[in-house]
Undergrad: 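Below is one structure. I have some questions about it.
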Amino acid sequence: FDPAEARDLLGLAVGADVLTPRLDPDAPSGPPLTTPAADTPHDPIPLDDGTTTAYPWCPIWPAGWPPAVDSGDDARPWARSVLVSPLGNTAILAHHTASDAYALAFAGTANADNIAEDLASFMVPAGEVDIEQKVLGAPTLHYRSSATYVASIPDPTMPPQPAVQSPRVHFGFRVALESLSGDFTEADLPHMPDGPTRTLADLFAEVGRERIDLYLTGHSLGAPLASLCMAWLTNTTIPGVSFETMKCYTFASPKTGNDA
């Protein structure tokens, strides 16, 4: 734990959390993030459509963290560094020029789909899943995914001695992350029939680096997404990209899975 790192990562997490939701028409609207501007106009808050805005009341986005991917568009500098999933989950990839490290910040709850993710709190296996589940009185959903968040899963037919828990994760948080990673094969869910058009793997590939030092962060709903993403990256191969180091800072995180 490093206090300076934590301060910067908290700023990134809060910045992601207060994104003005311009791409999601169902997201709740709050007061516009306009004036007064902060004293550091060179580090304005990124918006989910790739543009930026002045600070609403005090500096939030930490200095020295520009977009990770060059958009080629001065009016929308963050256009290639922000992902918004079909469910309205948002992730921002920034680059710390001084240390040559990257940070992936996940936004918290922003719309009705995100609330449904929070409430879908039943635990599912941390490896491949093929689920049929009735949730909150809604029609039965079907969800199939080959993603894994652990290196190995105990064989349930051969319980070890002493018995150990099988790793399980919060279903809604898993769906939220996979709405950004696209790492599922079937999802009978509203608003997500086909998955994202651009994924986390695409975002990392566009950085153009073979080796990346990565921080992950998030607040509230974004916190378990950061934790799950770190587990996913540990157990997933992205062609042409490897992660030299990964470090996760989460804030006000709900429980992501069981103790296994």
Undergrad: Hey, can you tell me if Y102 and H95 have their rings parallel, tilted or perpendicular (30° and 60° cut-offs)?
TA: parallel
Undergrad: In Å and rounded to the nearest 0.5 Å, what is the CG to SG distance from L228 to C248?
TA: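 L228 atom CG to C248 atom SG measures 9.5 Å (nearest 0.5 Å).
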Undergrad: Are the side chains of S227 and T250 in contact, using a 4.5 Å heavy-atom criterion?
TA: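 In contact.
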Undergrad: Under 4.0 Å between a Lys/Arg side-chain N and an Asp/Glu carboxylate O for R209 and D213?
TA: no
Undergrad: Nearest 0.5 angstrom please: R174 CZ to T256 OG1, how far?
TA: 13.5 Å
Undergrad: Please list all pairs meeting salt bridge (Lys or Arg N to Asp or Glu O under 4.0 Å) that have one or both residues in residues 223-236, counting only residues at least two apart or in different chains.
TA: none
Undergrad: With rounding to the nearest 0.5 Å, note down the distance linking CG in L216 to CG in L233.
TA: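 Answer for the CG-CG pair, L216 versus L233, is 6.5 Å.
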Undergrad: Test side chain to side chain contact (heavy atoms under 4.5 Å, CB included) on K247 and E5 and set out the steps.
TA: CA-CA 10 Å; K247 196 170 184 179; E5 284 181 350; 2.8 Å; yes
Undergrad: Looking only at heavy atoms, which two atoms of F251 and A6 are closest? And how far apart?
TA: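 Closest approach of F251 to A6: CZ-O, 3.8 Å.
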Undergrad: I'd like to know whether Y143 forms a side chain to side chain donor-acceptor pair (under 3.5 Å) with E178, so could you lay out the CA-CA distance, the side-chain angles of the two residues, the decisive distance to 0.1 Å, and finally the verdict.
TA: CA-CA 11 Å; Y143 191 82; E178 292 176 12; 2.5 Å; yes
Undergrad: At what distance, to the nearest 0.5 angstrom, does CD1 of I92 lie from CG of L83?
TA: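 Nearest 0.5 Å value for the CD1-CG distance: 10.0 Å.
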Undergrad: Could you check if a side-chain atom of L203 sits within less than 4.5 angstrom of a side-chain atom of R198, using non-hydrogen atoms only?
TA: yes
Undergrad: What residues, two or more places apart in sequence or in another chain, satisfy side chain to side chain donor-acceptor pair (under 3.5 Å) together with T109?
TA: D118
Undergrad: Can you tell me how far CG of L87 sits from CG of L180, rounded to the nearest 0.5 angstrom?
TA: 8.5 Å
Undergrad: With a 4.5 Å limit on heavy-atom distance, are the side chains of V241 and E210 in contact?
TA: no
Undergrad: Before you tell me yes or no, could you show the steps for W61 and W78 under ring pair (Phe, Tyr, Trp, His ring centres under 6.0 Å), namely the whole-Å CA-CA distance, both residues' side-chain angles and the distance that decides it to 0.1 Å?
TA: CA-CA 13 Å; W61 196 262; W78 289 88; 5.3 Å; yes
Undergrad: Using only atom types and a distance under 3.5 Å, with no angle test, would you say the side chain of T148 pairs donor to acceptor with the backbone of V150?
TA: yes
Undergrad: Hey, are E128 and R144 close enough for a salt bridge, meaning a charged N less than 4.0 Å from a carboxylate O?
TA: no
Undergrad: In Å and rounded to the nearest 0.5 Å, what is the OG to CG distance from S166 to N258?
TA: 7.5 Å
